[in-house]
Amino acid sequence: MAETLNPRQDLREWLAFVLVWGAAAVVTAVFCWLLGDIVWNGLSRLSWTFLTAPPESAGRRGGIGPILVSTFLILGVCLSVSLPIGVGTAVLLAEFTSDQSLFGRMTRRSLDVLAGVPSIVFGLFGNAFFCKTLGLGFSILSGGLTLACMVLPILIRSTEEGFRAVPANYRLSAAALGLSRSTTLIHLLLPAAVPGLLVGLVLGIGRAIAETAALIFTSGYVDRMPESLLDSGRALSIHIFDLSMNVSGGDANAYASALVLVIMLLLINGTAAWLADRGLHRRIVTV
Amino acid sequence: MIPADSHTKSQPLSSTEMPPSIAVPTPLIQINKLSLHYGDRPAFRDVTLSIGTGGITALVGPSGCGKTSLLTALNRLTDLIPGCRVAGEIRMGNMDVLAPQTNVIHLRRLVGMIFQKPNPFPLSIRRNLEFPLREHGSRDREQIARTIETVLQDVGLWDEVKDRLDSPALALSGGQQQRLCIARALALSPAVLLMDEPCSALDPLSSGVVEDLILQLRGRYTVVIVTHNLAQARRIADEAAFFWVHDGAGRLIEAGTAQQFFEAPRDSLTAAYISGMRG
Ligand SMILES: Nc1ncnc2c1ncn2[C@@H]1O[C@H](COP(=O)(O)OP(=O)(O)OP(=O)(O)O)[C@@H](O)[C@H]1O
Ligand SMILES: [Mg+2]
């Protein structure tokens, strides 16, 4: 900008500056405060025994061993169902359905609506369908399947975006070499779409691992070590909820559990970012 | 089918020996009353053209007259474009290209294509060449390695990259990438090479290298090349075809041997175009 600003423009610039940086500062401050609070109150309780021991006296004492196991099992069920279905649907939408077709438009619209549905609705649906209709009862399986329904929209949409971000000339040049559609898909498009998939995965896992409402009605809150996927199992977020709401004197362990949850989330985020970065650099090295 | 792992230099479409470069070529590709529409909009209409075996045919004309569209009809890449309709007839050897029962994978193996923008896959140099070969059934590692060396030597890239075959293809310069793409097409030993302005994204030096390369391919492959560079067309082409937009659709105005086309064009439009571009 060559011309100098008059005083009014100057004021506007200054206001915009304050607003933008102020908003950023507030968001960061809230996050730091939250995190600080959890670390401050939770860190002293965190230990190897806390992570492995079973809870005692409704969670006031003891650890979160069985709860961690249940959480991972629920997450495992959720991912092993939602990943294949999610990638498959994304491929169908991005590669075999045109933007304008009625089918494609309706599917995308439905997914976008589903992504915004409150989790309690998924919980009630899961309870009615998986627990009752399919007779799976309150179980890790029911909970995992319900979470799968919940994360699918996010997973599908961001994987689809990943596929759409692959330059069209890959498809043309592959076809011009007489490569079949499936080969092109598996060897060229899928690797190139991995960053989008990872984004969806992180968002999905983040949503799943922090989920409470959908799990209360499906996987239940039995805090024993689960023996099979058909056992009820208490997820970490439900444990935190229960300790801080229903158990007097449970605050200390609630804080420690929350700290574990936050660390898990940060680890997942970090791993995905690292994977995406590495994958990108290995595949697409431009100049 | 041609055996996938033999890098043959003969023309797989005809059993007869190749004629020396331009002695009255037998038509390999016969295009009859071909029209192409994108949705309701015509790209070109009623094109009838025959393309001789082993020669270099240049397609010239202003932007938007359907040259690229014509090329993509020849290897049925048009199948990939939603709403694209092709009517008419294309015969290649004794193959009916547009027939629904034609095996497009086989067709595209016989008809290689080079795009305007170099488009190697985001893989290593070696994998770029190996991947299509393997997909077409080559398994013998040594044979694949030999083919890779042969085609890289054909495009004059061997000495430049032989020590870094496993580095990313996208790290090569634009001209090198384009030659790699040509090598990738040659590795499948096609009969026909379609080239869509292969030099236009390159600097003059690389452009010259690629042009020399195309000249070396004369006689071994039937080359159909789109170019906006009339001087280049004149230097390399055996035959030339001129397109122009009439009533919103591309038309073939004139086709003939390059000499007659550039020295004594029959159509006044062709004459104007050639002289206009020359000045
Ligand atoms: N995928 C497509 N969808 C719709 N219309 C298209 C598509 N590709 C090309 N066209 C249209 O078809 C006509 C012919 O395009 P084409 O690309 O074949 O021309 P061209 O002769 O190759 O031009 P240029 O010299 O600029 O490359 C143009 O009007 C163009 O807008
Ligand atoms: Mg073009």
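Proteins come first, then strands; the chains are lettered A, B, ... in the order of their sequence lines, and each starts at number 1.
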List the atom of [X], the atom of [Y], and the distance in Å for their closest heavy-atom pair.
X         : Y         : result
Ile105(B) : Ser180(A) : CD1-CA, 3.9 Å
Leu188(A) : Leu123(B) : CD2-CD1, 4.3 Å
Phe121(B) : Tyr170(A) : CE2-O, 4.0 Å
Asn119(B) : Ser173(A) : ND2-CB, 3.1 Å
Gly178(A) : His136(B) : O-CE1, 3.2 Å

Checking heavy atoms, do the side chain of [X], its backbone, both or neither come under 4.5 Å from chain A?
X        : result
Asn75(B) : side chain
Pro82(B) : neither
Leu80(B) : side chain

Would you say the side chain of Phe115(B) lies within less than 4.5 Å of the side chain of Asn169(A), judging by non-hydrogen atoms?
->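 SC-SC contact between Asn169(A) and Phe115(B) ruled out.
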State whether the number of non-hydrogen atoms from other residues, nucleotides or ligands found under 6.0 Å of Asp40(B) atom CG is greater than 12.
->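 Open.
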Got a sec: does the CG of Leu267(A) have more than 12 other heavy atoms crowding it under 6.0 Å?
->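 Counting other residues, nucleotides and ligands, CG of Leu267(A) exceeds 12 neighbours.
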Rounded to the nearest 0.5 Å, how far apart are NE2 of His187(A) and CZ of Arg134(B)?
->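 So the NE2 of His187(A) and the CZ of Arg134(B) are separated by 10.0 Å.
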Quick one: what part of Ala168(A) sits under 4.5 Å from any heavy atom of chain B, side chain, backbone, both or neither?
->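 No part of Ala168(A) comes within 4.5 Å of chain B.
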Result of checking Glu135(B), Arg108(B), Arg184(B) against Leu177(A) for side-chain contact (heavy atoms from CB on, under 4.5 Å) =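 Of the listed options, the one satisfying the test is Arg184(B).
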